[in-house]
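Step one of this worksheet: look at the structure below.
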Amino acid sequence: MDVITVKEERCKECGLCIAHCPNEALSFSDRLNSAGYKPVQVDDAKCIKCGICYTMCPDGVYEISHNGESGGED
Amino acid sequence: MAKARKVPAIIDNPMSFCPGCGHGIVIRLIAECLEELEQDQNLIFALGVGCSSLLGGGLVTDRLHCPHGRASAVATGMKRVQPENTIVAYQGDGDAYSIGIAETINAAYRNENFTMVAINNTNYGMTGGQMSWTTMPGQVTTTSPLGRDCEITGNPLKFPELVASQFDVAFAARGAVTSPKNINKLKKYIKNGLEAQINGEGYSVIEVLSPCPTNWKLSPLNSMKRIEEELIPYYPLGVFKERKEN
């Protein structure tokens, strides 16, 4: 099973991932990270793990892995 | 099944770029290409001065912060002394095209065997948004408060087109980070540039149209929109010098 991980501390609330998410699975949370930004949160029911958020994110917030193993091709 | 995605180990650190800055996307693409080409542990970065210097804070690899504008000259020396290493000059437009235009052009003229990635955000980002050679006509910056007047400052520089048409370089292209589609194309350009270097074909340059939300005084999304609507019509995307058949 694919797993999406969000490194909240790296998020700078730029919103590029939210704007490009094809399934509207991303939104800003109500929490603040230590830098004072509201980090993104993922709606797991909507997320299809396409990786577009990873592609758009300038700050390495996202990681998508298969069965806990990350990196590489399919 | 979706593709597993993980930020490459050499840049898997928090970076201090502004929110929505394109540098983070470009450096991730470079690191992904280096990893795929098995060069991520065989590499030296020649970093420019400016926002490109911020890369040094998060990068876990050999690197040198070069004198302002002279990263291409330093990269030349690196490659000549250490030809087995992959050398990437990472510079901004103010650094590579204004302050260091002599060194940048001379490296391209000699067809030095390294790869330059130039981030074009149409201003000097780190110092507060001054006009550079790539600032658009009419663009307001701190040193062109009434908008850039090309009658007295000349026209914005198109470096990849210049070297592709005048010099015998291996590869010249321009990409942008405005959408997943453009980012995927840009990755192919960067990979081609690195492959050209690994094969000893000579100089490769990849210019990237990248947003500067802080100095453009636009939101990250509107900055991307500005690139699509204003910059790309002037700075067309694509390959200007294809690699020769191997």
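All chains are named by letter (A, B, ...) in the order of the sequence lines, taking the proteins before the strands, and each is independently numbered beginning at 1. Everything quoted here is computed from the prediction, not taken from an experiment.
In terms of heavy atoms, B:G20 sits closest to A:C14 at N-CB, 3.3 Å. Nearest heavy atom pair, residue A:P58 against residue B:C21, reads CB-O, 3.2 Å.
To the nearest 0.5 angstrom, B:I25 atom CD1 is 9.0 Å from A:T55 atom OG1.
Looking only at distances, no side-chain donor or acceptor of A:K7 sits under 3.5 Å from a matching main-chain atom of B:P14.
At a heavy-atom cut-off of under 4.5 Å, chain A is reached by B:V177, B:T178, B:S179, B:P180, B:I183, B:N184 from residues 176-193 of chain B, listed in order of number. Interface with chain A: from residues 216-236 of chain B, residues B:P220, B:L221, B:M224 qualify, criterion being any non-hydrogen pair under 4.5 Å.
Looking at B:E32, the atoms closer than 4.5 Å to chain A (heavy atoms on both sides) all sit in the side chain, from C-beta outward.
Between A:Y62 and B:V7 the shortest side-chain heavy-atom distance does not fall below 4.5 Å.
Taking chain B as the reference chain and counting heavy-atom pairs below 4.5 Å, the highest number among A:C11, A:C57, A:G15, A:A35 is found for A:C57.
A salt bridge is defined here as a Lys NZ or Arg NE, NH1 or NH2 lying under 4.0 Å from an Asp or Glu carboxylate O, and B:R28 with A:D59 fails to meet this definition. Residues B:R5 and A:D2 are not paired through a salt bridge, judged by the lack of any N-O separation under 4.0 Å between the basic side chain and the carboxylate.
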